[in-house]
K.L.:
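Would you mind keeping the following structure in view while I ask a few things?
Note that the coordinates shown come from a computational prediction; the quantities given were computed from them, not determined experimentally. Just so it is clear: chains get the letters A, B, ... in the order the sequence lines come, proteins before strands, and each one is counted from 1.
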There are 2 protein chains.
Amino acid sequence: MKRLDRKSDCAINFSLETFGDPWSLLIVRDIVFFGKKTYGDFLASEERIGTSVLANRLMALEKQGILSKSTNQADKRKEEYRLTEKGTDLIPVLFELMSWGAKYDANTGASPKVIAQLQKNRKGVIARAYTAAHKGVAFAA
Amino acid sequence: MKRLDRKSDCAINFSLETFGDPWSLLIVRDIVFFGKKTYGDFLASEERIGTSVLANRLMALEKQGILSKSTNQADKRKEEYRLTEKGTDLIPVLFELMSWGAKYDANTGASPKVIAQLQKNRKGVIARAYTAAHKGVAFAA
DNA sequence: CTGTATCCTTAGGGATACTG
DNA sequence: CAGTATCCCTAAGGATACAG
């Protein structure tokens with residue numbers, strides 16, 4: 001095995017091993033697209049993540065420097081998770097996953113026209129998502 | 001649960017459930033970047049995928065319409081896997097994974113300058129990767 | 001060369017109850 | 001509200017042998 005117990009030193013493999021599990025990117029999505037911040041927010045997502053899995057993923061993402069955690073000053077009971085720069089740099093990845101999914105998932109029912117428009121506006125969409133994530137608000141594509 | 005036993009109808013989740021396992025994108029990478037085509041090619045990859053896992057992933061990717069399989073006419077013993085359009089449309093995803101990995105994986109040792117250059121040339125790089133994949137040859141970024 | 005067939009092991013994840 | 005703590009369980013993956 002390679003150093004650090006990784007399968008290989010390929011950059012793509014590194015990314016997959018860092019956030020390529022079934023849940024991490026859904027949490028990042030929740031932050032970027034829906035402006036979610038708290039444990040309870042994530043728990044309420046459509047995919048119904050379990051409490052232990054969520055705690056585990058949040059911890060891992062924080063340890064990897066993708067999320068940062070802080071206490072809400074207005075309500076000290078609330079812990080808030082935000083994306084670091086390393087985290088917001090996942091936005092282009094999310095965009096491509098969304099784009100591919102929209103094109104090939106029959107269930108979404110996105111029209112070819114909408115998909116083409118999405119891809120055409122790629123730069124602008126990503127830029128606005130970055131801005132929204134930075135402000136900590138939801139971004140509706 | 002939602003229809004088709006999916007966690008949700010989100011396009012991002014669809015993508016993750018389709019090719020978001022630890023191996024599928026590495027196989028696609030092997031085809032795009034290294035021009036690999038055969039079972040033996042994939043088996044010889046740095047990450048050392050197991051025989052049964054490989055067979056399983058190839059079958060799944062074929063069933064999903066991401067890969068197509070055909071017999072080499074010159075050597076009938078050889079089975080060749082190629083990317084369909086649905087498969088080559090994963091190239092932008094691969095690009096972003098590579099880009100993020102190059103930026104944050106200390107092991108790759110890519111310089112900020114190289115990374116910036118990569119991102120600046122995004123469109124061209126992706127276009128050339130598409131062309132290479134279409135011809136069935138390796139593409140060195 | 002291109003896979004199947006087994007066997008075994010383990011990490012990941014559901015469910016649920018509970019705590020500061 | 002924001003997690004821990006368990007228990008269970010199964011799909012996914014390593015290893016190895018074998019077959020067409």
K.L.:
Report yes if a side-chain nitrogen or oxygen of B/Tyr39 is closer than 4.0 Å to either non-bridging phosphate oxygen (OP1 or OP2) of C/dT4; otherwise report no.
P.N.:
no
K.L.:
Which nucleotide wins on minimum distance to the side chain of B/Trp23, given the candidates D/dA2, D/dG14, C/dG14?
P.N.:
D/dG14
K.L.:
Quick one: does A/Thr84's side chain have a donor or acceptor within less than 3.5 Å of a partner on A/Lys86's backbone?
P.N.:
yes
K.L.:
Is it true that B/Glu80 and B/Arg82 make a salt bridge, defined as a side-chain N closer than 4.0 Å to a carboxylate O?
P.N.:
yes
K.L.:
Between D/dG13 atom P and B/Glu47 atom CD, what is the distance in whole Å?
P.N.:
13 Å
K.L.:
Partners of A/Lys103 by salt bridge (Lys or Arg N to Asp or Glu O under 4.0 Å), sequence neighbours excluded?
P.N.:
B/Glu85, B/Asp89
K.L.:
Please state how far atom CD1 in B/Ile49 lies from atom P in C/dT2, giving the value in whole angstrom units.
P.N.:
15 Å
K.L.:
Is a donor on one side and an acceptor on the other found under 3.5 Å between the side chain of A/Ser15 and the backbone of B/Gly101?
P.N.:
yes
K.L.:
Separation of B/Leu43 atom CG from C/dT2 atom P, in whole Å?
P.N.:
9 Å
K.L.:
Give one of base, sugar-phosphate or nothing for B/Lys69, where a contact means two heavy atoms less than 4.0 Å apart.
P.N.:
sugar-phosphate
K.L.:
Where the side chain of A/Ser99 meets the backbone of A/Phe95, is there a donor-acceptor pair that is under 3.5 Å apart?
P.N.:
no
K.L.:
Please identify each residue that fulfils side chain to side chain contact (heavy atoms under 4.5 Å, CB included) with B/Ala129, with sequence neighbours left out.
P.N.:
B/Val32, B/Ile91, B/Phe139
K.L.:
Could you tell me how far apart B/Glu17 (CD) and D/dA12 (P) are, to the nearest whole angstrom?
P.N.:
11 Å
K.L.:
Under 4.0 Å, counting only non-hydrogen atoms across every strand here, what does B/Tyr81 touch: a base, just sugar-phosphate, or nothing?
P.N.:
sugar-phosphate
K.L.:
Please check the phosphate of C/dG3 (OP1 and OP2 only) for any side-chain N or O of B/Lys78 closer than 4.0 Å.
P.N.:
no
K.L.:
Extract from the structure each pairing of a protein N or O with an N or O of nucleotides 15-18 of chain C at less than 3.5 Å, listing the distance.
P.N.:
{"from": "C/dA15", "atom 1": "N6", "to": "A/Ser52", "atom 2": "OG", "distance (Å)": "3.2"}
{"from": "C/dT16", "atom 1": "O4", "to": "A/Thr51", "atom 2": "OG1", "distance (Å)": "2.9"}

